[in-house]
Each structure stands twice: as C-alpha cells, then as structure tokens.
Amino acid sequence: MTHTTARIEALLDEGVRDKVYPGAVWATGDAAHVHAYGTTGVLDPDEPDVKMQLDTVFDAASLTKLLAVWASIGALWEDNVLDLDAPLSAFWDEVTGHPLGAVTARQLLTHTAGVPLRAQLKNLYGTDPQTIRAGVLHEALHRPPGEVVEYTDRAALVLGYLAEYLSEVPLDQLAAERTWRPLGMASTCFSPLSDHLVARCAPTEIDQVTDAHLRGVAHDFSARLLGGVCGIAGVFTVLDDLVRFLRYMLDPAMAPAAAGFRAEWTAQSLTVQTGDLQPVRGLFWHPAPGTTVEEDVWVHYGFTGTGMWISPTRDRWAVLLTNKLYYTRDRQPLTEIRNSFRELAFA
C-alpha cells in the first residue's frame with residue numbers, strides 16, 4: 001500500500017500545482033480499517049500558511065443527496081413507512097391530481113421520474129419557500145416516468161420533501177437523528193454552522209453579492225434560497241464522518257440499530273435498478289466512470305469537488321475532498337484526477 005499511497009500523493013500534489021484545487025483531503029480503506037489517508041495544499045490561497053487538515057470542513061454539495069436524502073429515505077423504507085414502487089399519489093395528498101403523483105420513489109432515486117432537468121427555483125417560483133415547494137410538487141413532468149435516465153437535482157429536492165412529509169420532521173433533523181448522530185458523524189450538518197466549524201471550512205466560489213469566496217455558506221443557490229436545508233445540497237462534512245458513513249455501508253451489522261442502515265437497502269442501492277435503460281443507475285449511486293457494472297465500483301460526486309466511492313465485492317471505499325470550486329466551475333481537470341485516484345484506490 002505504501003507504493004500506492006505515494007502515487008496518490010503525487011497525483012493530488014500535482015492537482016495543487018496545476019491549480020485544479022487549493023487543497024485536498026483523502027482516505028481509502030475497507031469495512032474494518034482505514035488503509036491510507038493524507039492531505040495536500042492549503043485551505044485558502046489567500047492564506048498560504050494555513051494548510052489543508054484532516055478535519056477541514058467541506059461544502060459537500062451533491063453528497064447531500066446521499067448523506068441526508070438517500071440515508072433518510074432508506075431509513076423510512078426500512079421502517080416500512082415507504083413503498084418505493086407505489087405512486088406518490090397513493091399516500092401523499094399534496095401531489096394527488098398532479099403529474100408528480102404518477103411517479104414512484106424508486107424512479108426519483110434512479111433519475112427516471114421524468115421531472116424537470118434543472119431546479120431554476122427562483123426563476124420559476126420566486127423566493128418564498130412554500131411557494132417554491134408547491135411549484136416543485138405541482139410542476140408538469142419533463143417526460144413520462146420510466147422512459148429515460150436523466151440526472152436532475154429535482155429528484156433529490158422532491159425526495160427531501162417526501163422524507164419530511166413521511167417523518168413529520170425537517171430534513172436536517174431527520175438526517176441528524178436517523179443517520180449522523182447514531183453513526184458518530186459529529187461534524188456533519190446543514191448550515192448555519194457554528195463559528196468553530198466555519199473557521200475550519202474550505203472556501204468555495206466567489207459570491208457575486210459580496211465579491212468574497214463563500215465559506216461556511218452553501219455554494220448552491222437553491223440551498224441558500226431554501227434557508228440552507230434542502231435535498232439538493234447544503235450539507236457540510238469532514239473526512240472522518242464520510243469514512244464512518246462508508247464503513248457502515250460495507251458492514252451494516254456494525255451500525256447502531258437507530259441508524260436505519262441495513263444490508264438490504266445498501267445492496268439495492270449498489271445494484272442496477274434501471275433495467276435496460278442507459279446510463280445504468282443504482283439508487284442515487286452509479287458505476288464509477290471508466291468502470292463496468294461487473295467491476296462493482298460505485299460513486300457519487302459533489303460539484304464543489306467532493307467524491308465518494310464504494311465497492312461491496314471488493315470491501316473497499318475511497319473519499320476525495322477538494323474545494324476545486326475556488327478556482328473554476330470547469331469539471332474536466334478534476335474529472336481526470338478523480339478517475340486516476342479511483343484507479344489507484346481500487347487497484
């Protein structure tokens with residue numbers, strides 16, 4: 001593993017030199033152990049003496065969809081509160097008589113629901129959270145459900161609303177009570193963050209209003225519009241918490257009963273749920289780019305530069321956290337590094 005660790009360090013150091021990201025934090029391991037971990041670069045190029053640390057707090061971006069939505073929906077499914085294959089109108093009055101009522105939770109989790117492809121909340125519905133909610137739940141579908149796999153933030157937004165409806169508590173409270181606290185994910189939360197966590201945050205992109213890099217505030221405009229808490233984005237987290245999350249996924253028997261982590265939920269999520277449709281999807285997870293389903297390496301990325309990989313058959317996981325959004329929204333430079341990192345981590 002020493003040779004692989006050296007190659008990972010060299011790869012990630014090169015990303016700092018090429019200004020793909022100011023810094024990175026990473027780890028690899030299995031259900032029982034952390035095999036290797038490290039940091040590179042700085043928290044903020046404007047403060048070059050402040051190095052990236054293992055406990056640096058990152059804007060998780062779309063990892064919110066896993067940490068808050070996927071985990072909460074899974075807990076509700078394990079509680080027999082939710083039937084993934086029932087049309088939403090069968091149990092959710094708010095969507096009865098509207099196009100979304102014909103959609104199932106499984107279709108939302110596999111991005112086959114046919115809901116609109118972009119959030120565009122403010123442009124469509126204004127700024128009032130209740131008006132936004134009504135607009136999202138009553139909007140026309142982009143296409144009939146079950147026909148095409150098309151990634152969309154709307155799926156997670158709707159599932160977040162669904163989780164709140166079924167649990168009768170806000171999404172941030174549900175995720176904390178059913179997943180984060182039982183698993184010991186002490187630094188994972190939605191904003192607003194404590195001053196202590198803000199001080200450890202990796203800054204992301206420049207806020208056009210303040211002309212300063214966002215730090216401790218969700219980069220995602222929809223999340224900010226909804227008060228920092230929604231299914232799309234808004235969670236902040238640290239490496240250690242993600243390691244706990246992935247290790248419990250690989251060995252759910254280790255997880256506290258209150259966490260709602262069960263082997264069957266993880267098994268469904270990390271197997272093909274889209275039939276013959278392409279691209280292949282599990283439940284909010286998908287095969288890592290450059291791999292086949294048979295290689296069994298599943299991934300989810302966050303737009304800010306975060307990423308998690310997992311493979312049940314190999315008993316392996318990997319985490320790479322960067323704040324690449326500090327420099328650019330261009331995905332390609334980080335895409336190449338992510339693919340190389342995954343190859344090394346799962347070699």
Side-chain angles (χ1 to χ4, degrees), residues 27-35 60 62-79 82-85 104-113 149-151 155-156 159 163 175 178-180 183 185 231 235 237 241-255 259-302 306-320 338-339 341-343 345-347:
T28 65
D30 57 32
H33 304 98
V34 175
H35 293 165
S62 279
L63 294 192
T64 298
K65 297 175 174 67
L66 295 180
L67 301 177
V69 178
W70 174 84
S72 296
I73 290 293
L76 293 168
W77 177 77
E78 292 285 1
D79 290 344
L82 173 63
D83 181 346
L84 295 183
D85 297 305
T104 70
R106 189 183 302 276
Q107 289 168 336
L108 289 166
L109 287 161
T110 55
H111 295 284
T112 59
V149 179
E150 293 176 310
Y151 180 88
L159 285 168
R178 292 305 307 270
T179 304
W180 304 338
L183 297 186
M185 298 168 63
V235 165
T237 193
D241 286 3
L242 298 184
V243 169
R244 289 173 179 269
F245 188 86
L246 292 168
R247 287 178 65 183
Y248 284 126
M249 282 186 65
L250 285 177
D251 190 357
M254 293 171 53
F261 262 48
R262 302 291 187 274
E264 189 175 351
W265 176 245
T266 298
Q268 281 204 47
S269 300
L270 302 179
T271 53
V272 176
Q273 300 291 313
T274 47
D276 295 330
L277 297 177
Q278 297 290 329
V280 166
R281 291 278 176 178
L283 301 181
F284 264 16
W285 292 85
H286 61 89
T291 69
T292 64
V293 172
E294 290 72 25
E295 289 177 272
D296 189 41
V297 181
W298 300 79
V299 70
H300 205 290
Y301 296 138
T306 57
M308 300 194 298
W309 295 258
I310 190 168
S311 174
T313 58
R314 300 183 188 205
D315 185 28
R316 192 77 59 84
W317 54 262
V319 178
L320 175 60
R338 279 170 165 166
N339 290 342
F341 174 78
R342 184 263 309 158
E343 290 175 359
F346 289 87

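Side-chain atoms of W317 come within 3.5 Å of backbone N or O of D30 as a donor-acceptor pair. Judged by distance alone, with hydrogens and angles left aside, the side-chain atoms of T271 form a donor-acceptor pair with the main-chain N or O of Q268 at under 3.5 Å. A donor-acceptor pair under 3.5 Å links the side-chain atoms of D315 to the main chain of A31, judged by distance alone. Remark: side-chain polar atoms of T28 are not paired, donor with acceptor, to backbone N or O of H35 under 3.5 angstrom. E295 places a side-chain N or O within 3.5 Å of a backbone atom of T292 that can act as its donor or acceptor partner. In this structure a side-chain-to-backbone donor-acceptor pair under 3.5 Å is missing from R281 to Q273. Put simply, the side chain of T110 gets close to the backbone of R106: a donor and an acceptor are under 3.5 Å apart. A distance-only check finds a donor-acceptor pair linking the side chain of W180 to the backbone of L67 [under 3.5 Å].
For the pair F284/I73, no side-chain contact is recorded, criterion being any heavy-atom separation below 4.5 Å from C-beta on. Looking at Y151 and H286, their side chains never come closer than 4.5 Å, going by heavy atoms from C-beta outward.
Taken from CG in N339 to OG1 in T291, the straight-line distance is 9.5 Å, to the nearest 0.5 Å. Atoms CG and OG1, on L242 and T237 in that order, are 4.0 Å from each other to the nearest 0.5 Å. Separating the NE2 atom in H111 from the OG1 atom in T274 is a distance of 11.0 Å, to the nearest 0.5 Å. Annotation: the span from L66 atom CG to L246 atom CG amounts to 9.0 Å, rounded to 0.5 Å. Taken from CH2 in W285 to CE in M249, the straight-line distance is 4.5 Å, to the nearest 0.5 Å. One distance of note links CZ of R178 with OG of S72; it measures 8.5 Å at 0.5 Å rounding.
Of all heavy-atom pairs spanning G231 and V69, the tightest one is CA-CG2, 3.5 Å. Annotation for P289 and R342: closest pair O-NH2, 2.8 Å, computed over non-hydrogen atoms. The two residues L63 and G307 make their nearest non-hydrogen contact at CD1-N, 4.2 Å. Heavy atoms only, all atoms of each residue included: W265 and G74 are closest at CE2-CA, 3.2 Å. The nearest pair of heavy atoms linking K65 to A156 is CG-CB, 3.6 Å. For F341 against L320, the heavy-atom pair with the smallest separation is CE2-CB, 3.8 Å.
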Show your working on side chain to side chain contact (heavy atoms under 4.5 Å, CB included) between V297 and R314 and close with a plain yes or no.
CA-CA 9 Å; V297 181; R314 300 183 188 205; 4.1 Å; yes
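Each of L270, V299, D296 was scored for a side chain to side chain contact (heavy atoms under 4.5 Å, CB included) with S311, with one residue passing: D296.
For the residue pair D79 / W77, no side-chain donor-acceptor distance below 3.5 Å is found, with atom types taken as modelled.
In this structure, R338 satisfies the cation-pi test against Y301, with its NZ or CZ atom closer than 6.0 Å to the six-membered ring centre and inside 45 degrees of the ring normal.
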